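Read through the structure below, which is laid out as structure tokens, and then see the notes.
First the proteins, then the strands, lettered A, B, ... as listed; each starts at 1. Note that the structure is predicted; figures quoted are calculated from it, not measured.
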Protein chains: 2
Amino acid sequence: MNRANRGMNLTQQVADTLGNAIINGKYGAHNPVPSEAVLCEQLQVSRSAAREAVKSLAAKGLITSRARQGIRVLPESEWNLFDADVLRWMRDSNPSLELLREFTELRVAVEPEAAMLAAQLQDHEKITLIGQALDRMKDAETGLDDPLESDIAFHLSILNASGNRFFMQLGRIIDTTLRVSIRFTNRRTGVNAGVHADHKKIYDAIVDRQPELAAKQASNLMSATLSTILSALEENSSANKA
Amino acid sequence: MNRANRGMNLTQQVADTLGNAIINGKYGAHNPVPSEAVLCEQLQVSRSAAREAVKSLAAKGLITSRARQGIRVLPESEWNLFDADVLRWMRDSNPSLELLREFTELRVAVEPEAAMLAAQLQDHEKITLIGQALDRMKDAETGLDDPLESDIAFHLSILNASGNRFFMQLGRIIDTTLRVSIRFTNRRTGVNAGVHADHKKIYDAIVDRQPELAAKQASNLMSATLSTILSALEENSSANKA
DNA sequence: TATATAGTATTTATATGATAATATCGCTTT
DNA sequence: AAAGCGATATTATCATATAAATACTATATA
């Protein structure tokens, strides 16, 4: 089962194993998932554990499980991309630029709106947290803090300051994927002083109660990120043609 | 258990019953959810059914379930608003304008971006579907089609034409909530000829390959919707003060 | 009195076996 | 060839038992 076993209970371990296998394409239309009974034998767990794992994956949209039909892998369009596990499995097993692009398109839409709402709402407590994340980014420039974690903290703090529950929840998913995205973007463009400065523009606009400007600054930042990804995709496709 | 029983299996019925009860506030910090054993008795189901329902609700972020601790209701901030069930329960039990506002803020962010991508991608098959939904909206003006369903179909078809998997998946959630939102907005502003015309502007921009314009038109439409909700919220709060 | 420690009880986690419901397949009948 | 029917495999549900985790309690110790 290749269990990582880090605090996960048996059901979660089984779900993790199966989920990874499905997303890797080990099971699919032509290679159906074995029946519950067979799964128990293969993974050496009880039916309870196997069943609960199967239910879990069904809830995530990966499979259906019906009597006499067995366990069927659903088409990828049914997979719930807003589930942190699904996203993590996809991220790890199939780290495609394509998924990263689509994800960034979502951020292009969401983050400027969140910055705008934060500037309108003026929740000082939460705006303070944005400032603290920004300070961490500055420290990261001189190696005093982690550039990845501080960058993530900044973006999440803006979503949290929006006061919008949907945006806040997107934060969790964004967290999962940012850990790949930022690493990728920084590798391509280099971590330089500009990063902190660009983020500061957003923070300043929020503090100055300028919603439109905050949205604009966030939009600029996200567009730049998207451009980086798009040009990488261009390179890949031209490389494939050659 | 008050089971609707419409095609749902036992586990789903239990989850539905419990989910509704939790969101209605029947269980909470001071009224913890009974232990699995008690739930079995109360709902007259086996331990398996109760357990799988509990697992399901835990996956949705409503509860945690740990040994000796029992089943605890999590704070509302943990509830997964991107789960169709959770959203439906909240919508039905607590149809607050506040939630509708936050949801519309999400749409304000997402739908213009989706329209822009649709105009860029030019997937003719999917753009045709937008046109068909628009035709249905026109029919709805003369009573030949359902205004609610056609309106929903239009917005979903744009998300689908974006080619972005995250936007497409948001469609499902939007579907759930639009069934309240559109009814509310139409009740306030009246269903008039302007509705079809405003939607057509988006469609035309997509067909004409004008991404910026498509985004702008979608933004106008969504902003108007949000304004309607915001003014209703104003009225409520001033009515409460009086 | 305060704090640490071991023990106890409660609850979920996992395992096992049995029965019910149901979708699929093949056979029969018309 | 189509429709109906029964056999069969598989999940759904139930029932029960044991293990593991953990909050609470009582006791001992400083």
- Checking all strands, does S35(B) fall into the base, sugar-phosphate, or nothing category for heavy-atom contacts under 4.0 angstrom? sugar-phosphate
- Message: Just to be sure I understand the rule, does R72(B) reach a base, reach only the sugar-phosphate, or reach nothing, if contact means heavy atoms closer than 4.0 Å?
- Response: nothing
- Item | Near-strand residues of residues 64-71 of chain B, defined as heavy-atom separation under 4.0 angstrom from DNA chain C | S65(B), R66(B), A67(B), R68(B), G70(B), I71(B)
Return yes if some donor-acceptor pair links the side-chain N/O of [X] with the main-chain N/O of [Y] below 3.5 Å, else return no.
{"X": "T142(A)", "Y": "D139(A)", "answer": "yes"}
{"X": "S56(A)", "Y": "E52(A)", "answer": "no"}
{"X": "Q169(B)", "Y": "L81(A)", "answer": "yes"}

Please report the distance, rounded to the nearest Å, between [atom1] in [X] and [atom2] in [N].
{"X": "E36(A)", "N": "dA23(C)", "atom1": "CD", "atom2": "C1'", "value": "15 Å"}
{"X": "I63(A)", "N": "dT10(D)", "atom1": "CD1", "atom2": "C1'", "value": "14 Å"}
{"X": "Q12(A)", "N": "dT12(C)", "atom1": "CD", "atom2": "P", "value": "16 Å"}
{"X": "L10(B)", "N": "dT22(C)", "atom1": "CG", "atom2": "P", "value": "12 Å"}
{"X": "K55(A)", "N": "dT11(D)", "atom1": "NZ", "atom2": "P", "value": "12 Å"}
{"X": "M8(A)", "N": "dA13(C)", "atom1": "CE", "atom2": "P", "value": "14 Å"}

- Message: Would you say CD of E41(A) has more than 12 non-hydrogen atoms from neighbouring residues, nucleotides or ligands within 6.0 angstrom?
- Response: no
- Message: With a cut-off of less than 4.0 Å, is there a side-chain N or O of R51(B) near OP1 or OP2 of dA13(C)?
- Response: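 So the side-chain polar atoms of R51(B) do come within 4.0 Å of the phosphate oxygens OP1 or OP2 of dA13(C), strictly under.
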- Message: Under 4.0 Å from OP1 or OP2 of dC14(D): is there any side-chain N or O of S46(B) that close?
- Response: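 Yes, because at least one side-chain N or O of S46(B) sits under 4.0 Å from OP1 or OP2 of dC14(D).
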- Message: Apply salt bridge (charged side-chain N to carboxylate O under 4.0 Å, His left out) to residues D85(B) and R88(B) and explain how you reach the verdict.
- Response: CA-CA 5 Å; D85(B) 289 324; R88(B) 181 167 45 80; 2.6 Å; yes
- Query: Taking the inter-plane angle between the rings of F82(B) and F82(A) on a 0 to 90° scale, is it parallel (under 30°), tilted (30 to 60°) or perpendicular (over 60°)?
  - Reply: parallel
- Message: The side chain of R47(B) is closest to which nucleotide in this list: dT12(C), dT16(C), dC14(D)?
- Response: dT12(C)
